[in-house]
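Counting starts at 1 for both ligands and their atoms, following the listed order. Throughout, numbering of the chain's residues begins at 1 and tracks the sequence.
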Amino acid sequence: MHWPMSAKPGPASFPVKQDDVVPVDLEGVWEAMGECQRLGLTKPIGVSNFTTRKLEELLTFASIPPAINQVEMNPGWQQQKLRRYCANKGLFITAYYPLGGQIAFGNTNPVLTCDVLKEIATAKGKTVAQISLRWILEQDVGIVVKSFNKERLRQNLGIFDWELSQEELLQIISITQKKAARVQFMLSNEGSLTSVNISDIDIIET
Ligand SMILES: NC(=O)c1ccc[n+]([C@@H]2O[C@H](COP(=O)([O-])OP(=O)(O)OC[C@H]3O[C@@H](n4cnc5c(N)ncnc54)[C@H](OP(=O)(O)O)[C@@H]3O)[C@@H](O)[C@H]2O)c1
């Protein structure tokens, strides 16, 4: 389940118009996904962009717990609270935007331009991307990183035979936190938020 968000049926438009957001039928969707698994139509089922609050709701009725929650995570958005929650519940996390994502929405990449990471990378003879990926790996989190460049693909695989020191880990924890995947990118300015759909949008933001 890609996002805990639903839009009115009809031709898909992105970003979603604010008036088109409807409450999510989480129980119905999860039941249908469980059925797909029981029928052998899919491998283990999981969620994405779920906050602790949304996971808590799902776990109240899920007969099959999600195998995974795929969320934005990197040294610039470390997901401390969500990671603690998922570890307690035995849920595995996978990080998207492990390198800060593609430079979108006019923002500066929070990972590749980070001074703390640059400093560590220089001291270790690694790239900033490798420091970020290695840090995620050391948090026992899976990684979905993307590159179309052969050299960078190779670089991104070179993270398995070295480790970060305690001091470096502490430096990374101190990095200022900023989320990149924000609700503004999902919703167009068209229409107006209502008390019904705002509770869903809230879920993405918290
Ligand atoms: N579940 C969700 O809601 C969700 C949301 C967003 C993304 N995702 C998934 O997450 C994955 C990664 O997302 P993403 O591509 O946006 O984020 P990303 O992997 O953090 O960033 C990829 C960007 O970094 C560049 N890059 C890759 N390796 C590099 C390196 N070693 N040094 C410098 N730059 C490097 C890539 O450009 P080049 O190709 O030119 O190397 C690309 O522009 C994708 O599979 C995507 O589908 C999931």
Element-labelled atoms of ligand 1 that are located less than 4.0 Å from some non-hydrogen atom of Pro98: 18 (P), 19 (O), 20 (O)
Rounded distance (nearest 0.5 Å) linking atom OG1 of Thr52 with atom CZ of Arg84: 10.0 Å
Cationic N near anionic O, under 4.0 Å, Arg53 to Glu56: no
For ligand 1, the portion of Thr127 having any non-hydrogen atom under 4.0 Å away: neither
Best match, Gln130, Arg152, Glu72, Met1: closest heavy atom to atom 38 (P) of ligand 1: Arg152
Donor-acceptor side-chain pairing of Ser174 and Gln171 below 3.5 angstrom: no
Short side-chain donor-acceptor distance under 3.5 Å, Thr42 and Gln37: no
Check: Asn149 N/O within less than 3.5 Å of ligand 1 N/O: no
Between CG on residue Asp140 and CD1 on residue Ile93, distance to nearest 0.5 Å: 10.5 Å
Distance in Å, Leu58 CG paired with Trp30 CH2, rounded so as to fall on 0.5 Å steps: 5.5 Å
Interfacing atoms of ligand 1 (cut-off 4.0 Å, heavy-atom, Gly100): 20 (O)
Under 4.0 Å to a heavy atom of Ala129 - the qualifying atoms of ligand 1, by number: 30 (C), 31 (N), 32 (N)
Salt-bridge criterion met for Glu31 and Arg38 (N-O under 4.0 Å): yes
Where ligand 1 meets Gly101 - atom numbers and elements under 4.0 angstrom, heavy-atom basis: 16 (O), 17 (O), 18 (P), 20 (O), 21 (O)
Ligand-residue contact atoms, ligand 1 with His2, heavy atoms, under 4.0 Å: 1 (N), 2 (C), 3 (O)
Those atoms of ligand 1 less than 4.0 Å from some heavy atom in Val145: 19 (O)
Ligand 1 contact on Leu112 by region, counting heavy-atom pairs under 4.0 Å: side chain
Under-4.0 Å heavy-atom contact with ligand 1, by part of Leu153 that carries it: neither
Atoms in ligand 1 flagged as close to Gln155, the criterion being non-hydrogen separation under 4.0 Å: 30 (C), 31 (N), 32 (N)
Reference residue Tyr96; test side chain to side chain contact (heavy atoms under 4.5 Å, CB included); the match among Val145, Asn49, Asn74: Asn49
